[in-house]
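Worksheet for the structure shown next.
This is a predicted model, so every value here is computed, not measured. Throughout, residue positions are numbered sequentially from 1 according to the sequence presented. When reading the values below, keep in mind they use all heavy atoms of this one structure, side chains included, and skip hydrogens, waters and symmetry mates.
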Amino acid sequence: MSERKVLNKYYPPDFDPSKIPKLKLPKDRQYVVRLMAPFNMRCKTCGEYIYKGKKFNARKETVQNELYLGLPIFRFYIKCTRCLAEITFKTDPENTDYAMEHGATRNFQAEKLIEEEEKRFQKEREEEELNNPMKVLENRTKDSKMEMEVLENLQELKELNQRQANVDFEGMLEVYKATEEEIRRRQEEEDEQELRSMMEAANRKRLLEDSDSDEEGSQVKPKHTQKTKATDILVKNDNFQNKKQRGEELESSSVKVNSRQLLSGLVVRKKEVALQVSPL
């Protein structure tokens with residue numbers, strides 16, 4: 001295996017490199033290279049989105065009759081991952097970017113458009129200032145005003161940062177924790193007081209129920225413990241008969257009184273009748 005790792009090659013004494021025939025290759029011949037998509041694009045044929053960084057096996061060629069400051073421009077051919085339509089783009093050394101050429105549209109190029117707009121505005125301003133000295137003075141005053149506004153805003157931001165830097169965040173957190181603990185402690189105390197009051201109310205209710213039950217028991221108990229005699233029944237019957245007789249006597253006396261009152265209203269004396277008849 002050591003004979004294959006040769007660093008020095010043998011050249012015979014009569015070797016003439018000018019006699020070696022050169023290969024005549026076309027100038028626009030293509031090479032197969034492996035690359036990644038330089039920007040986000042969308043296929044015009046099927047609408048497939050191709051994101052930046054997707055790898056492709058592409059064909060590379062040199063663009064004929066196009067140079068930028070002596071630098072060649074290269075064109076790349078890739079195929080859509082969905083419909084296999086051909087997409088081409090080429091290098092743009094002037095803007096250090098790639099330019100879309102055929103088969104797709106470039107997406108998310110707002111930043112590039114802004115840069116192009118700024119360049120165009122700067123170019124127009126330089127052309128105006130070249131032939132108009134008053135325009136130069138106006139532009140300088142505008143620039144000075146813009147610089148003053150920027151400096152003022154920057155100073156305000158610095159002051160704001162200094163105020164925020166002086167804030168003691170740890171102290172604020174400690175105060176917040178202390179207030180939280182105080183609120184929690186008060187809540188626990190209120191819960192305990194409420195529970196205690198509920199227990200006291202329950203105990204009072206239980207005591208009242210017990211006292212009521214004791215009173216009822218004391219009232220009912222003597223009735224059961226009262227001793228009765230055999231002669232009590234006779235005494236009770238006599239009392240009942242005496243009461244009945246008295247009630248009947250009172251009723252008869254009241255009827256007599258009432259009858260007398262009624263009859264007294266009907267009776268008329270003779271003298272009163274004679275007096276009433278005599279004038280006739």
Side-chain angles (χ1 to χ4, degrees), residues 1-132 135-136 139-140 143 146-147 150:
M1 296 295 291
S2 60
E3 65 274 7
R4 293 187 181 181
K5 299 178 181 178
V6 178
L7 300 176
N8 297 322
K9 295 182 179 180
Y10 174 74
Y11 295 99
D14 56 349
F15 176 72
D16 188 3
S18 61
K19 294 180 180 179
I20 297 173
K22 293 182 179 181
L23 294 173
K24 292 183 179 180
L25 299 174
K27 292 182 180 180
D28 57 348
R29 75 188 186 99
Q30 297 178 351
Y31 302 91
V32 177
V33 295
R34 183 78 170 170
L35 57 80
M36 291 188 291
F39 45 76
N40 297 308
M41 63 184 81
R42 185 182 181 186
C43 179
K44 287 182 178 179
T45 306
C46 63
E48 177 72 10
Y49 286 97
I50 300 170
Y51 59 87
K52 182 180 178 179
K54 188 172 180 63
K55 293 182 179 180
F56 291 94
N57 291 324
R59 291 179 288 115
K60 171 189 170 185
E61 69 176 9
T62 305
V63 180
Q64 300 297 318
N65 302 322
E66 286 189 23
L67 293 172
Y68 176 74
L69 301 178
L71 297 174
I73 296 173
F74 300 102
R75 183 182 287 113
F76 299 93
Y77 297 87
I78 61 173
K79 290 185 178 180
C80 177
T81 55
R82 185 177 179 182
C83 64
L84 300 178
E86 192 174 60
I87 300 170
T88 63
F89 57 90
K90 58 184 180 180
T91 57
D92 187 9
E94 184 178 359
N95 300 315
T96 62
D97 198 2
Y98 290 84
M100 193 73 224
E101 192 174 21
H102 175 71
T105 56
R106 185 171 178 174
N107 299 333
F108 309 111
Q109 53 180 352
E111 186 176 358
K112 183 180 178 182
L113 294 174
I114 290 168
E115 290 177 355
E116 291 177 355
E117 187 68 21
E118 288 179 355
K119 288 179 180 178
R120 186 181 61 78
F121 178 74
Q122 189 68 23
K123 190 175 180 180
E124 289 178 357
R125 182 177 175 179
E126 289 177 356
E127 290 177 356
E128 287 179 356
E129 290 178 355
L130 185 62
N131 299 321
N132 192 354
K135 196 70 176 177
V136 176
N139 291 334
R140 285 180 183 176
D143 292 340
M146 287 289 293
E147 288 177 1
V150 170

(message) As an exercise, state the distance from NZ of Lys119 to CG of Asn95, rounded to the nearest 0.5 Å.
(response) 4.5 Å
(request) For residues Lys55 and Met36, determine if any side-chain heavy atom of one lies less than 4.5 Å from a side-chain heavy atom of the other. (result) yes
(message) Just verifying a value: how many Å separate Phe39 CZ and Asp97 CG, rounded to the nearest 0.5 Å?
(response) 7.5 Å
(request) Measure the shortest side-chain to side-chain distance between Ile87 and Ile50 over non-hydrogen atoms and say whether it is less than 4.5 angstrom. (result) yes
(message) Could you measure the distance from the CG atom of Asn107 to the NZ atom of Lys52? Nearest 0.5 Å is fine.
(response) 13.0 Å
(request) For Tyr98, look at atom OH and say whether over 12 heavy atoms of other residues, nucleotides or ligands are found less than 6.0 Å away. (result) no
Review item, side-chain donor-acceptor pairs of residues 28-35, under 3.5 Å, at least two apart:
unit_1 : atom_1 : unit_2 : atom_2 : d
Arg29  : NE     : Tyr31  : OH     : 2.9
Arg29  : NH2    : Tyr31  : OH     : 2.5
Gln30  : OE1    : Arg59  : NH1    : 2.6
Gln30  : NE2    : Glu61  : OE1    : 3.1
Arg34  : NH1    : Asn57  : OD1    : 2.9

(request) Would you indicate whether the side-chain heavy atoms of Asn139 and Lys135 approach each other to under 4.5 Å? (result) yes
(message) So, taking the atom named CG in Asp92 and the one named CD in Glu101, what distance separates them when rounded to the nearest 0.5 Å?
(response) 11.5 Å
(message) Between the side chains of Asp143 and Arg125, is the shortest nitrogen-to-carboxylate-oxygen separation below 4.0 Å, so that they form an ion pair?
(response) yes
(request) Ignoring hydrogens and angles, tell me if any N or O in the side chain of Arg75 forms a donor-acceptor pair with the backbone of Lys90 under 3.5 Å. (result) no
(request) Identify the heavy atoms of Pro72 and Leu67 that sit nearest to each other, and give their distance. (result) CA-CD2, 3.6 Å
(request) Compare every heavy atom of Ala104 with every heavy atom of Met100, then report the nearest pair and how far apart it is. (result) CG-O, 3.4 Å
(message) Please give me the minimum heavy-atom distance between Tyr49 and Arg42, naming the atom from each residue.
(response) OH-NH1, 3.5 Å
What side-chain donor-acceptor pairs closer than 3.5 Å can you find for residues 13-23, not counting sequence neighbours?
unit_1 : atom_1 : unit_2 : atom_2 : d
Asp16  : OD1    : Ser18  : N      : 3.4
Asp16  : OD1    : Ser18  : OG     : 2.8
Asp16  : OD2    : Ser18  : OG     : 3.1

(message) Any non-hydrogen side-chain atom of Phe56 less than 4.5 Å from a side-chain atom of Thr81?
(response) yes
(request) Please assess Thr105 against Lys44 for the test side chain to side chain contact (heavy atoms under 4.5 Å, CB included), listing each intermediate value before the final yes or no. (result) CA-CA 7 Å; Thr105 56; Lys44 287 182 178 179; 3.4 Å; yes
(request) State the CD-CG distance between Glu117 and Leu113, to the nearest 0.5 angstrom. (result) 9.0 Å
(request) Give a yes or no on whether a salt bridge exists between Glu127 and Lys123, defined as a side-chain N under 4.0 angstrom from a carboxylate O. (result) no
